[in-house]
Number of protein chains: 2
Amino acid sequence: MKIEIKDLIQDGPKYVLPNISVDSVIFGYHEKELKVLLQRPQGISKWMLPGGYVHRDETIKQAAERVVKNRTGLDRLFLNQFQSFGTPTRTKDSELTPALFAEINQMELDENHWMFDYFVSIGFYSLTEFSKVVPSGEFYLEECTWWNIGDLPSLLYDHQEIIEAALKALRLHIYHYPIGYELLPEKFTLPEIHSLYETILDKTFDSRNFGKKLIATGIIKKLDERRNIGAHRAPFLYVFDMENYNQALENGYALFV
Amino acid sequence: MKIEIKDLIQDGPKYVLPNISVDSVIFGYHEKELKVLLQRPQGISKWMLPGGYVHRDETIKQAAERVVKNRTGLDRLFLNQFQSFGTPTRTKDSELTPALFAEINQMELDENHWMFDYFVSIGFYSLTEFSKVVPSGEFYLEECTWWNIGDLPSLLYDHQEIIEAALKALRLHIYHYPIGYELLPEKFTLPEIHSLYETILDKTFDSRNFGKKLIATGIIKKLDERRNIGAHRAPFLYVFDMENYNQALENGYALFV
DNA sequence: GCAATAGTGTCTGTAAGACAGTATATT
DNA sequence: AATATACTGTCTTACAGACACTATTGC
């Protein structure tokens, strides 16, 4: 169900749950860079996470999926709930008050408008190949772009804290579950998956030990095929062994204890 | 702030956030038994988790602490947020409808009363020494008692699922952070802490390896003192090394990888 | 002496982690 | 030839996990 913006602002709680939002930390990986997708509302200098409300006929996870799909155009994502945030003042910010919001959007808004009440936010994170994504905004957004992790702009509310918690959760996740299926081409090289892990964890791994261990888990298989990468020795290609991969997704494993 | 029940029922959203609840899975340990504290509303045969609403001037964690304190009389607890639950139908149960609730409590209640709307629940778990606890109910409760994990009664809503998720989270937690400080006397024996771990994880550990490893972590220290336990060899006493313990609490460690 | 529990040391196998030189492809 | 990247094997060390007998206490 698509809800009109006007109806939402005027009569929100009729369509969505009041006092609850979902915020998504959308991580994007591409060629040794890890980024986060952020948006900036009109007339505001601070940036914020893509977020939204929970429709009355959907689950919180579906709400997060809808938000991510709206911003990235992608569905069938890796999407994990990691933590909920609820302190009475977390959504008070002098940068974005009801009065300012009303002025910028040329509307009338009560000081106690439901959108500016105490909100509990349920945090999800997602991880995508960012070259596949065409970031797209919405009526009230001025920009929506990728930012390098570790070089973030000034953020609204407690969104800085949410991003940090998401990154921590993502890194913990990686030690227990395989990743890469959504991020790498079907056939990839050892150096590629090696860089993926190093970038996300912000660590270096010895290439000999890394390959040894990853192959030992059984989640990747070597092909009898190489990729031509120009002026250097051609690397072998690998694919995920989906049976082992999915089993590790379900049961977990210990990588790099 | 103490809110009167009547005001809450009639005018809830004025005092608390609508559509949000906190539910607490309160685990109790005592002499090799792991239990969960459950309550049963008047006139209902199914049991449920202690839960409550979030006051407009408190954080979600404070709300959970308040709930736990009301049921157990304990504060200064080990209390962790683990997951939020939100599906539109999760709080529909033929066992507890608005009509039934109204009838049992002899009041009038609209079919669309705010208490029976779509609720997103934020799950917390806590772990206490259950002999310290005097379970106490509230106006609408008929019973509030401990149930053995693995021998639970029929539960309202999705509370069975919430308990399972909490137990999983607790067990994961134990592999990464020390426990025991809230659960054991100041001076305790190796067999005591050994039983604690075995009970919570529902596993057995070789006593020689267990002691070796736990001491190696530095979180416990052997005293030159024994406990007299009657007709058997007197065991040595240990205390937690609070400096190492707290450090492990903050940074985590790997126990029994 | 019996019953019940506490306490303790060694060995083996596995795997993590350190480490550097050779091979290949292009210009 | 020069350059840039891919590829590979061995050694050491640490720790997990298996394993069983002796010590103590009260009755």
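Being a predicted model, the structure only gives us computed values, none of them experimental. Computation of the quantities below employed the complete heavy-atom set of this structure, encompassing side-chain atoms and omitting hydrogens, waters and symmetry-equivalent molecules. So that the names make sense, note that chain A is the first sequence line, chain B the second, and so on, each numbered from 1.
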Residue of the set A:Y125, A:F130, A:F27 for which side-chain contact (heavy atoms from CB on, under 4.5 Å) holds with A:V36: A:F27
Rounded distance in Å - CZ (B:F188) to C1' (C:dA6): 16 Å
For B:D75, check salt bridge (charged side-chain N to carboxylate O under 4.0 Å, His left out) against everything at least two apart and list the hits. B:K69
Around atom CD of B:E31, are there more than 12 heavy atoms from other residues, nucleotides or ligands closer than 6.0 Å? no
Would you mind reading off the distance between A:D224 atom CG and D:dC7 atom P, rounded to a whole angstrom? 13 Å
Do side-chain atoms of A:R71 reach the backbone of A:C144 as a donor and acceptor pair under 3.5 angstrom? no
Can you check whether B:G211's main-chain N or O pairs, donor with acceptor, with B:H194's side chain at less than 3.5 Å? no
Can you sort out the partners of A:E33 under salt bridge (charged side-chain N to carboxylate O under 4.0 Å, His left out), two or more places apart, ordered by chain and number? A:K35
Strictly under 4.0 angstrom, non-hydrogen atoms only: write out the protein contact profile of nucleotides 18-27 of chain C, one letter per nucleotide from the 5' end, B, S or -. BBB--BBBS-
Between C:dG17 atom P and A:F210 atom CZ, what is the distance in whole Å? 13 Å
For the pair made of CD1 in B:I193 and C1' in C:dT5, what is the distance, rounded to whole Å? 18 Å
From CD1 of A:I215 over to P of C:dA16, roughly how many Å is that when rounded to an integer? 14 Å
Atom pair distance, as rounded to whole Å: CG in B:L255 and C1' in D:dC15: 13 Å
Rounding to a whole Å, what distance do you find between A:F205:CZ and D:dC7:C1'? 19 Å
Could you state the NZ-C1' distance from A:K213 to D:dT8, rounded to the nearest angstrom? 17 Å
